[in-house]
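Indexing begins at 1, ligand by ligand and atom by atom, following the structure's order.
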Amino acid sequence: MKKGWVILNGSLLILLLVVIGMIVFVQRDFTHRNLDFMPGMVSSIAYKPQAPWQEGDVGPPLVPGTVVRGFEPFEYKPTPEDALRAGRELTSPVADTNIAALERGAAVYAAMCQPCHGPTGLGDGVITKRGFPPPPSLFADNALNMKDGQMYHIVTFGQRNMPSLASQVSRSDRWNVLAYIRSWQSKQQQKGSRR
Ligand code: HEC
């Protein structure tokens, strides 16, 4: 046998013994995280989206007034003062000639308002016959003169005995039902003094 072969096989044998020795003596501990060799981007610091920006954060600070995508802010508080302010500031996006909106509004009224405000709008809904304080007529001067925005605020936040309907009636349906009430009011006014 040549001398070179002896050296090669000898060192391979030593290497084999070292590997077997490592397998036997270096026991893996599965209760602990192993060492990462160059973990790269395996784990990164998680930033909460929309969290207040601090020095050292990634990305630029949020522009003041930034809102979550898809969320429409409603800058009013559930107070009578803000109801009046909503009346001054908000206008209905629904044209009173929009037939589809009026039909949708009629359906929303029947489902969501009629139990209290009644099929006649006079405040004689079924639940008032079970002791719930009856709401005022929607054809009384107060409701006739009330601004759309204030009504929208009332449906959104409620008022005294009327609960908030914000979670049941979507924003567009609130305007639809108010358009329906407006057209109903003007029909009643044309008919005469039904208040
Ligand atoms: C649980 C019963 C109830 C339901 C449902 C309800 N309301 Fe009312 N609503 C009331 C009561 C009670 C009042 C009177 C609140 C008060 O004392 O100021 C009222 C008042 C109002 C007023 C103000 C009237 C005024 O002259 O002051 C409007 C406008 C109104 N409701 C619209 C609606 C609309 C639109 C819906 C349906 C989307 C609806 N309400 C559903 C009970 C209800």
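When I154, L178, N142 are ranked by how near their heavy atoms come to atom 28 (C) of ligand 1, first place goes to I154. When Q159, H117, Q114, R174 are checked for heavy-atom proximity to atom 18 (O) of ligand 1, Q159 turns out nearest.
Taking atom 29 (C) of ligand 1 as the reference point, the nearest protein heavy-atom neighbour is M151 CG, 3.6 Å. Looking only at protein heavy atoms, the nearest one to atom 13 (C) of ligand 1 is P135 CB, 3.6 Å. Of the protein's heavy atoms, R160 NE, 3.5 Å lies nearest to atom 16 (C) of ligand 1. In this structure, atom 38 (C) of ligand 1 lies nearest to the protein heavy atom C113 SG, 2.7 Å. Ranking protein heavy atoms by distance to atom 10 (C) of ligand 1, first place goes to M162 CB, 3.2 Å.
For the residue pair G87 and K147, the shortest heavy atom distance occurs at O-CB, 3.5 Å. Across all their heavy atoms, M151 and Q185 have their closest contact at CE-NE2, 4.1 Å.
Close contacts between ligand 1 and M112 involve ligand atoms 5 (C), 37 (C), 41 (C) [criterion: under 4.0 Å to a heavy atom]. Atoms of ligand 1 lying under 4.0 Å from any heavy atom of I181, numbered from 1 in the order shown and given with element: 35 (C). Applying the 4.0 Å criterion to heavy atoms of L165 picks out, from ligand 1, the atoms 36 (C), 37 (C), 38 (C), 39 (C), 41 (C). Residue C116 approaches ligand 1 through these ligand atoms, each under 4.0 Å from one of its heavy atoms: 1 (C), 2 (C), 3 (C), 4 (C), 5 (C), 42 (C), 43 (C).
Between the side chain of N176 and the backbone N or O of G105 there is no donor-acceptor pair closer than 3.5 Å. Between the side chain of D173 and the main chain of V169, no donor-acceptor pair closer than 3.5 Å is present. Under a 3.5 Å cut-off, the side chain of R88 and the backbone N or O of A83 do not form any donor-acceptor pair. The backbone N or O of W175 sits nowhere less than 3.5 Å from a side-chain atom of S92 that would complete a donor-acceptor pair. Looking at R174, its side chain does come within 3.5 Å of a backbone N or O of A166 through a donor-acceptor pair.
For ligand 1, the polar-atom distance check against N161 finds no nitrogen or oxygen pair separated by under 3.5 Å.
The side chain of P163, and not its backbone, has at least one atom closer than 4.0 Å to an atom of ligand 1 (non-hydrogen atoms only; side chain from C-beta on). Using a 4.0 Å cut-off between heavy atoms, V108 makes no contact with ligand 1 at all.
A side-chain donor-acceptor contact under 3.5 Å links D124 and T120. No hydrogens or angles considered: nothing links the side chains of E103 and Y180 as a donor-acceptor pair under 3.5 Å.
Assignment of Q150 to the shell around ligand 1 is not supported, since no heavy atom sits closer than 4.0 Å. At least one heavy atom of P136 sits less than 4.0 Å from an atom of ligand 1.
Using cut-offs of 30° and 60° for the angle between ring planes, the Y76 and H153 rings count as perpendicular.
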